[in-house]
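What you see below is based on every heavy atom in this structure, not just the backbone, and it leaves out hydrogens, waters and symmetry mates. When a residue number appears, it is its place in the shown sequence, counting from 1.
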Amino acid sequence: MRSPDPTSEQAIAEARLRSITHPGTGERTPNLPPTFQAFRAAVAAQAPTRTGVRVLIAIGVVAAAVAAFTFWRSAPTPAPLPPPPAATTPRPTASVTIHVTGKVRTPGVYRLPTGSRVTDALTAAGGLRKGTDPTPLNLARRLIDGEQIAVGTPEAAAAALAADPTTSIVDLNTATPMQLEQLPGVGEVLASRIAEFRHTHGGFTSIDQLKEVTGIGPRKYEELKDRVRV
């Protein structure tokens, strides 16, 4: 009996292996199940080339960049906080307290804003009674804190005359800046200077010291000397 040739058997085995791994070389493909053959054909048909791989990578990079940009644009932008409201401190309202008596509808004590006039005091007291003559009163005079306004009585005329700054005498050492403003030609600034001079020098010792107050010249002094006392 002839022994098999090892070389020929090896050649046959290599030929079969090539037919399995490299179909289409001319050698007959061994019988394989139809399902396996279809799977191998599909894989071979869809296997990407080098150019296809590069295209896929480029598409992936572009898609990632677009996604990142879209996410950045859609991120909410934090709105700045509004500044805290400024704290406001209520300013006290200056006022004067006066006493209205006589022929008014509602006599009594009233508190009115600083700078109010005699006419405002009469209005606060309900107005004049019927037939009352307001002529003795200077309705345009500014009110002084703590004063009394008598209306329509014999005593009222004398009281109005005494309270009228055009005839009353002002004490330089006790008058308030508002009372000093009742003097002729004395405004808020000059009244403050008189009060400051009084505070700095420990009070007035004579009327002549008014000449030392800034803003009071010889002419102004002549207007004031008969309207003040110390």
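In this structure, Thr119 and Leu137 have side chains that are not in contact, with every pair of non-hydrogen atoms separated by 4.5 Å or more. Looking at Asp145 and Thr176, their side chains never come closer than 4.5 Å, going by heavy atoms from C-beta outward. In this structure the side chain of Val213 reaches within 4.5 angstrom of the side chain of Ile216, judged on heavy atoms.
Within the 3.5 Å criterion, the main-chain N or O of Ser95 finds a donor-acceptor partner in the side chain of Thr114.
Of all heavy-atom pairs spanning Gly152 and Thr132, the tightest one is CA-CG2, 4.0 Å. Considering all non-hydrogen atoms of both residues, Ile149 and Ala121 come closest at CD1-CB, 3.7 Å. Shown here for Leu190 and Gly185, the closest heavy-atom pair between the two residues is CD2-O, 4.0 Å. Of all the heavy atoms in Pro177 and Ala191, the pair that sits closest is O-CB, 3.6 Å. For the residue pair Leu180 and Ala195, the shortest heavy atom distance occurs at CD1-N, 4.4 Å.
Qualifying side chain to side chain donor-acceptor pair (under 3.5 Å) partners for His201, counting only residues two or more places apart in sequence or in other chains: none. Partners of Ala125 according to the side chain to side chain contact (heavy atoms under 4.5 Å, CB included) rule, which considers only residues two or more places apart in sequence or in another chain, are Val100, Val104, Tyr110. Under the side chain to side chain contact (heavy atoms under 4.5 Å, CB included) criterion, Thr174 pairs with Asp171, not counting sequence neighbours.
Note that the CD atom of Glu147 and the CD1 atom of Ile98 stand 7.0 Å from one another [nearest 0.5 Å].
For residues 180-203, the set of pairs meeting the salt bridge (charged side-chain N to carboxylate O under 4.0 Å, His left out) definition, not counting sequence neighbours, comprises Arg142-Glu181. Under the salt bridge (charged side-chain N to carboxylate O under 4.0 Å, His left out) criterion, no residue pair touches residues 115-139, with sequence neighbours excluded. Annotation: side chain to side chain donor-acceptor pair (under 3.5 Å) contacts involving residues 98-108, sequence neighbours excluded, comprise His99-Gln148. The side chain to side chain donor-acceptor pair (under 3.5 Å) analysis of residues 207-220, with sequence neighbours excluded, yields the pairs Thr205-Gln209, Asp208-Tyr221.
Just one of Val228, Leu224, Val170 meets the side-chain contact (heavy atoms from CB on, under 4.5 Å) condition when paired with Val186; it is Leu224.
Following chains of ILVMFWY side-chain contacts shorter than 4.5 Å, one cannot reach Val109 starting from Val118, and the two form parts of different hydrophobic clusters.
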Under the criterion side-chain contact (heavy atoms from CB on, under 4.5 Å), I'd like the reasoning laid out for Leu112 against Leu143: C-alpha separation, chi angles, the key distance, then a yes or no. CA-CA 9 Å; Leu112 299 175; Leu143 299 174; 3.6 Å; yes
